[in-house]
Amino acid sequence: MHATARPTAPANRTTRRGTCRTVHGRSARSVGWRLSHVGRRRLSNAGLAISVALIALFCLAPFYWMFVSSLKGQNDIFNNDLWPTSPTLANYKAVFSGRNNFLYALRNSGIIAGTTTILAMLIGLVSAYAFVRLRFRAKRLALGAVLAASMFPGVALLTPIFQLFSDWGWIDQYQAMVIPDISFALPLAIWTLSSFLRELPWDLEESAMIDGCTSGQAFRKVLLPLAAPGVFTSALLVFIAVWNEYLIANSMTLTLAAQPVTVAIAKFTGSSQYQQPFGTQMAAGVIVALPLIVLVLILQRRIVAGLTAGAVKG
C-alpha cells in the first residue's frame, strides 16, 4: 500500500503568517525610525534657529541701544526705556555743530583708513603670493612670525613709537597712524590672502607663461581676477579694523590736525564744562557705523564669496 501524503497547506499558511508578521514588524520599526529621525531633525533645526537668534540678539542689542540713546534728550539719557517717550534729533544736530569738528575728523578717518588699506593690501598681496608660490626654507616659521606679530599687545609699543615719532616730528600727522596701523593690519591681510591664493589653479599661470607672459603679467592678468573676491574681503576686513582703531590714534594726535573720528567722538564737549554729551556721542557712533553697514549690505555677496573661497580644497 502507498502512504498517503499529508497536506502541507497549514505549514504554508503558518510560514506566510510568520513572514507577514516579520514584514509588518520591520515596517513598523522603519516607520518609527523615520518618525524619530524627523523629530530629531526638527529639534536640531529648532535648536539651530534659537542659537542663531540668540547670537543675533547678542550682537545687535548694543547697536539698537546706541540708536535708541541717540534719540533721547539730555534729561532722558539715563532712562532704561526700550524706546524714548519723546524722540528727538537734537543729538544729531549737535554732532554736526561747529564745536565738535565731526566732519573734519570723519575726513581724517577716511584718509587714514583708505591709505592704510591700500598699502596693506599691496604689501600683503605680494607677500601672500611669495608665501604660497615660492619655495624657500623656514616658510612656515616666517608665517608663524607674521601671526605672532599680530598677537603682540599694541599698548606695549605706544611709548617707544611715540618717542620715535616725536623725535621725527610726526606727531599730529597721518603717517604717525598709518605706519603702525599697517604693521597690525598686515598679518590679517597676509593670512587671509594666503588662504585664497592657495586654492587658485596655478596651471593657468603656467599656461600664460608658456604663451609669452612674464610671471608678473600672468599673476596680474590671469590670477588676480580670480582672486578678486578674496582680495576684496581682505581689504574690507582691514578697512574696518583701521576705521575702528582708537588706541594708537589717541596717543599720536594732540590737536585736530590729523585726529580721526574715533578720538573726536571721545572728546565731544557738552553745553557746559562738566556735562558729558552721551546722547551726542551715541548719535555720532550711529553715523560712523552707517558707512560700514551700508558697505556690508550692498557687497554681502562678494564678502561671502571671498570668505568661502579658501574654505574648500579641491
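Position 1 is the first residue of the sequence; numbering continues from there. Predicted model only: the values in this text are computed from it and were never measured. Scope of the values below: all heavy atoms of this structure, side chains included, with no hydrogens, waters or symmetry mates.
When hydrophobic clusters are built by joining Ile, Leu, Val, Met, Phe, Trp and Tyr residues whose side-chain heavy atoms come closer than 4.5 Å, directly or via intermediates, Leu186 is grouped together with Ile248. Trp83 and Leu57 sit in two unconnected hydrophobic clusters of ILVMFWY residues. Membership requires side-chain heavy atoms under 4.5 Å apart, directly or through other members. Cluster membership check: Leu60 does not share its hydrophobic cluster with Val286, using side-chain heavy-atom separations under 4.5 Å among Ile, Leu, Val, Met, Phe, Trp and Tyr. Linking ILVMFWY residues whenever their side-chain heavy atoms come closer than 4.5 Å, directly or via other members, leaves Ile111 and Leu122 in distinct clusters. One hydrophobic cluster holds both Leu292 and Met66 under the rule that ILVMFWY side chains link at heavy-atom gaps under 4.5 Å.
Checked by atom type and distance alone, the side chain of Gln281 pairs as donor or acceptor with a backbone atom of Ile265 at under 3.5 Å. Checking side-chain atoms of Asn91 against main-chain N and O of Ser70 turns up a donor-acceptor pair under 3.5 Å. The backbone N or O of Asp181 lies less than 3.5 Å from no partner atom in the side chain of Thr116, so there is not a single donor-acceptor pair. Counting only distance, with no hydrogens or angles, the side chain of Ser127 and the backbone of Gly124 share no donor-acceptor pair below 3.5 Å. With Thr192 contributing its side chain and Ala189 its backbone, the two residues share a donor-acceptor pair below 3.5 Å. Counting only distance, with no hydrogens or angles, the side chain of Gln173 and the backbone of Gly169 share a donor-acceptor pair below 3.5 Å. Checked by atom type and distance alone, the side chain of Asn244 pairs as donor or acceptor with a backbone atom of Ile240 at under 3.5 Å. Side-chain atoms of Lys72 do not come within 3.5 Å of backbone N or O of Pro87 as any donor-acceptor pair. Distance alone, capped at 3.5 Å, places no donor-acceptor pair between the Tyr104 side chain and the Gln259 backbone. Looking only at distances, a side-chain donor or acceptor of Ser109 sits under 3.5 Å from a matching main-chain atom of Val261.
Minimum interatomic distance between Leu247 and Ser251 (heavy atoms only, all atoms of both residues): O-OG, 3.1 Å. Shown here for Met121 and Ser234, the closest heavy-atom pair between the two residues is CE-CB, 3.8 Å. When all heavy atoms of Ala249 and Thr253 are compared, the pair lying nearest together is O-OG1, 2.6 Å. Across Ala185 and Val238, no two heavy atoms sit closer than the pair CB-CG1, 3.7 Å. Smallest separation of non-hydrogen atoms from Thr85 and Asp81: CG2-OD2, 4.0 Å. Smallest separation of non-hydrogen atoms from Ala258 and Asn108: C-ND2, 3.5 Å.
Other residues, nucleotides and ligands contribute more than 12 heavy atoms inside 6.0 Å of the NZ atom of Lys267. Atom CZ of Phe63 has 12 or fewer neighbouring heavy atoms from other residues, nucleotides or ligands inside a 6.0 Å radius.
For the pair Asn80 and Trp65, the minimum side-chain heavy-atom distance is below 4.5 Å. A heavy-atom distance below 4.5 Å is not found between the side chains of Asn79 and Pro84. Counting only heavy atoms from C-beta outward, the side chains of Thr88 and Leu71 never approach each other to under 4.5 Å. In this structure, the side chains of Ile171 and Phe162 come closer than 4.5 Å at one or more pairs of heavy atoms. Side-chain atoms of Ile287 and Tyr92, non-hydrogen and from C-beta on, do get closer than 4.5 Å to each other. Between Leu143 and Trp191 the shortest side-chain heavy-atom distance falls below 4.5 Å.
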Checklist entry - After noting the C-alpha distance and the side-chain angles of Val178 and Leu119, does the key distance pass the side chain to side chain contact (heavy atoms under 4.5 Å, CB included) rule? => result CA-CA 9 Å; Val178 170; Leu119 294 178; 4.3 Å; yes
Next on the checklist: Let's go through Val263 and Tyr246 carefully: what are the C-alpha distance in whole Å and the side-chain angles of both, what is the deciding distance for side chain to side chain contact (heavy atoms under 4.5 Å, CB included) to 0.1 Å, and is it a yes or a no?
Outcome noted: CA-CA 6 Å; Val263 180; Tyr246 173 79; 4.0 Å; yes
Next on the checklist: Determine whether Ile112 and Trp243 satisfy the following criterion, side chain to side chain contact (heavy atoms under 4.5 Å, CB included), listing intermediate values before the conclusion.
Outcome noted: CA-CA 8 Å; Ile112 295 170; Trp243 181 268; over 6 Å; no
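For the atom pair Ile161 CD1 and Ser166 OG, the distance stands at 11.5 Å (nearest 0.5 Å). Here the CZ atom belonging to Arg198 is positioned 10.5 Å from the CZ atom belonging to Phe131, to the nearest 0.5 angstrom. Distance check: Ile50 CD1 to Ile55 CD1 gives 12.0 Å after rounding to the nearest 0.5 Å. Taking CZ of Phe219 as the start and CZ of Arg133 as the end, the distance is 11.0 Å to the nearest 0.5 Å. Between atom CG of residue Leu125 and atom CG of residue Leu193 there is a gap of 5.5 Å, rounded to the nearest 0.5 Å. For the atom pair Leu164 CG and Thr159 OG1, the distance stands at 12.5 Å (nearest 0.5 Å).
Relative orientation of the Phe102 and Phe268 rings is perpendicular, given thresholds of 30° and 60° on the angle between their planes. Using a 30° and 60° split on the angle between ring planes, Trp170 and Trp168 fall in the perpendicular class, above 60°.
With no hydrogens or angles considered, no side-chain donor-acceptor pair links Thr115 and Tyr174 at under 3.5 Å. Side chain to side chain, Asp172 and Thr255 meet the donor-acceptor criterion of an N or O pair below 3.5 Å.
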